[in-house]
Colleague: 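Structure below; questions to follow.
To find a chain, count down the sequence lines: A is the first, B the second, and so on, and within it residues start at 1.
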Amino acid sequence: MEDNSGFRPSAGNLDDPPNSRIFLVVSKSLTEDMIRDRFAEFGDIQDIWVVKDRHTKESKGIAFVKYAKSSQACRAMEEMHGRCLGDSSKPIKVLIAQSRGSTSHKEVEDEDLTRIFVMIPKSYTEDDVKSKFKEYGPVEYCSIIKNKNTGESKGLAFVRFERPSHAALAIENCDRSFKAILAEPRNKGSTSESLDYHSSSRQQESMIHEPPAMSMYSYEQYDYSAYDKVGEARNQEGVSKRLTVVSRVPLVQDQLYSLLDLIPGLEFCEVQRDLYSSFSHAVVQYQSIASAIYAKFKLHGFEYPPGNRLGVTYLNYGGDGAELLKKMASTMVASQVNSMVWGPQVTQQFPPGSGYDRPYASPVGAQLQTDAALPAYKKKSSMDAPCKERLFIVFNPHPLSLDVMEDVFWYSTCCWLLAHL
DNA sequence: CGACGGGACGC
DNA sequence: CGACGGGACGC
């Protein structure tokens, strides 16, 4: 997810920070040195590139100047656009360059560069916001996003500057607590790369975290009927040469690849990490079903890294999202259940050939090992019972570690999914 | 006993 | 109209 595959290694900094590169339309006679002479005063130039014909080496009359900061690029644009340079009487054009991967060469409008989006204390009025941001330049207006019914602030605001460089200065220099970013234009017709990226990562997130429209965490935390469902899911599952690997802690692509590659016939392994939790999963494919069966046999329940049980399951082609989710949930339970129920004394890899699914057949319903006074069993709530979306948890005497919390809630999420999907 | 992370606009 | 090169760290 980090690597910009498809880009040149050095292409990464061209768009970093965003909008720090300008695109010039100039006379063909204008040289790199002449550009440098005129544009250095606006900031730290990292790169100048005059585009030339590959064969004749003649300038095509266009150039790129990369600055260290967006505010510098913006100011160069504001100051130099429309001026005449060199021997030409034709005014030059200076625009913020499109990001390199972009296919559309539609000009970036000032409209898109002058409005920022910030998080503010709920007590702020529009005047408060303005007084915080006018130090970066004249503010055209501020608008706070409010609840339409109550009129109370949502703690979010837009600030429109007159100049792109001022908006950029605000983003670069305002207090970090504002979390200032460039606002997406209101009327967004077509898709941009950055938007696609965000929406796809959101999709991933919602797949993992928000499938149920109602209660995610049922009260029946000691309901072991889920285990039967796991067994059913196992029996139904068809083998395939494609596998998913799920993990509570982040999988590292290279490491996982090395692990899976111990089984001959690995074709690919693609880690898909959830951006907002430590959970991750990977899609894996072997050349043959035999390889996949063997990989699953060897690696399902395997502790990697130590203390974290991997879940491995067959991934059938054409399964829909719900099916995949269910499968991942059951795989997660299967890989976690052993250590959860019996505690840390059973943490070795499952003995070869003894059946990695042994936990399902065991008397899991017996008792949990705890010295805490547990509340009485609660009746199972119905599917459409009203529910709250947030829990406020008070620890006594000490807070639980994040690890433990994740275990508990992952576990109950999995149980819920298995029971209701 | 005991409270925070979060993010999108009436075009 | 006017949109994408050059060149290589240091495990």
Colleague: For D87(A), give me all partners under side-chain hydrogen bond (donor to acceptor under 3.5 Å, both in side chains), at least two apart in sequence or on another chain.
Modeller: S29(A)
Colleague: Under the ring-ring contact (aromatic ring centres under 6.0 Å, His included) test, which residues partner F133(A), sequence neighbours left out?
Modeller: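 Counting only residues at least two positions away or on another chain, F133(A) forms a ring-ring contact (aromatic ring centres under 6.0 Å, His included) with F178(A).
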Colleague: Checking Y304(A) against Q255(A): is there a side-chain donor and acceptor pair closer than 3.5 Å?
Modeller: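 On atom types as modelled, these side chains qualify, holding a pair under 3.5 Å.
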Colleague: Under 4.0 Å, heavy atoms only, any strand: does V118(A) hit a base, just the sugar-phosphate, or nothing?
Modeller: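 Result for V118(A) = base.
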Colleague: Using the purine O4'-C1'-N9-C4 or pyrimidine O4'-C1'-N1-C2 torsion, is dC4(B) syn (within 90° of 0) or anti?
Modeller: syn
Colleague: Might you list the N or O atoms of the protein lying below 3.5 Å from N or O atoms in nucleotides 9-11 of chain B, with each pair's distance?
Modeller:
residue : atom : partner : partner atom : Å
dC9(B)  : O2   : R115(A) : NH1          : 2.7
dC9(B)  : O2   : R186(A) : NH2          : 2.8
dC9(B)  : N3   : R115(A) : NH1          : 3.2
dC9(B)  : N3   : R115(A) : NH2          : 2.8
dC9(B)  : N4   : R115(A) : NH2          : 3.3
dC9(B)  : N4   : E184(A) : O            : 3.0

Colleague: Hey, could you give me each pair passing salt bridge (charged side-chain N to carboxylate O under 4.0 Å, His left out) that has a residue in residues 23-50 of chain A? Not counting sequence neighbours.
Modeller: E32(A)-R36(A)
Colleague: Starting at CG of L156(A) and ending at P of dA8(B), how long is that distance when rounded to a whole Å?
Modeller: 6 Å
Colleague: Would you find a donor on one side and an acceptor on the other, under 3.5 Å apart, between the side chain of Q253(A) and the backbone of V271(A)?
Modeller: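 The answer is yes, because a donor-acceptor pair under 3.5 Å joins these two groups.
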Colleague: Heavy atoms under 4.0 Å, any strand shown: does I181(A) hit a base, just sugar-phosphate, or nothing?
Modeller: base
Colleague: Among residues 67-81 of chain A, which ones have heavy-atom contacts with DNA chain C below 4.0 Å?
Modeller: none
Colleague: Go through the side-chain N and O atoms of S27(A) and K90(A) and say whether any donor and acceptor fall under 3.5 Å apart.
Modeller: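 Their side chains do not contain a donor-acceptor pair, so the 3.5 Å distance test is not met.
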Colleague: Return the nearest nucleotide to the side chain of M119(A); candidates are dG7(B), dC4(C), dG5(C).
Modeller: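 Of the options given, the side chain of M119(A) lies nearest dG7(B).
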Colleague: Please indicate yes or no: is the ring centre of F64(A) less than 5.5 Å from the centre of the six-membered base ring of dC4(C), with the two planes inclined by under 30 degrees?
Modeller: yes
Colleague: Tell me, please, which residues at least two apart from E78(A) pass salt bridge (Lys or Arg N to Asp or Glu O under 4.0 Å).
Modeller: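 Counting only residues at least two positions away or on another chain, E78(A) forms a salt bridge (Lys or Arg N to Asp or Glu O under 4.0 Å) with R163(A).
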Colleague: Which pairs pass ring pair (Phe, Tyr, Trp, His ring centres under 6.0 Å) with one or both residues in residues 241-267 of chain A, sequence neighbours excluded?
Modeller: none
Colleague: Where along residues 19-39 of chain A does a heavy atom fall under 4.0 Å from DNA chain C?
Modeller: R21(A), F23(A), V25(A)
Colleague: Please list, chain by chain and in numerical order, all residues satisfying side-chain hydrogen bond (donor to acceptor under 3.5 Å, both in side chains) with K69(A), sequence neighbours excluded.
Modeller: none
Colleague: Are the side chain of R21(A) and the backbone of D16(A) linked by a donor-acceptor contact shorter than 3.5 Å?
Modeller: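 No; zero donor-acceptor contacts below 3.5 Å.
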Colleague: Select from H105(A) and K57(A) the residue whose nearest nucleotide in DNA chain C is closer to the 5' end of that strand.
Modeller: H105(A)
Colleague: Any residue in residues 162-180 of chain A with a heavy atom nearer than 4.0 angstrom to DNA chain B? Just list them by number, or reply none.
Modeller: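 Here the set is K179(A).
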Colleague: Test your reading of the model: is there a side-chain donor-acceptor pair from D53(A) to the backbone of T56(A), 3.5 Å cut-off?
Modeller: yes
Colleague: Would you say M77(A) and F23(A) make side-chain contact, with heavy atoms under 4.5 Å?
Modeller: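 Side chain of M77(A) against side chain of F23(A), heavy atoms only: no contact under 4.5 Å found.
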Colleague: I need the full list of ring pair (Phe, Tyr, Trp, His ring centres under 6.0 Å) pairs touching residues 24-43 of chain A, with sequence neighbours left out, sorted by first then second residue.
Modeller: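 Those involving residues 24-43 of chain A do not exist here.
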Colleague: Could you tell me how far apart H55(A) (NE2) and dG5(C) (C1') are, to the nearest whole angstrom?
Modeller: 14 Å
Colleague: Expressed as a whole number of angstroms, how long is the span from L95(A):CG to dA3(C):P?
Modeller: 13 Å
Colleague: How long is the line joining CH2 of W49(A) and C1' of dG7(C), in whole Å?
Modeller: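 Atom-to-atom, W49(A) to dG7(C), this comes out as 14 Å.
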Colleague: Test: salt bridge (charged side-chain N to carboxylate O under 4.0 Å, His left out). Region: residues 128-157 of chain A. Which pairs qualify, not counting sequence neighbours?
Modeller: E126(A)-K146(A)
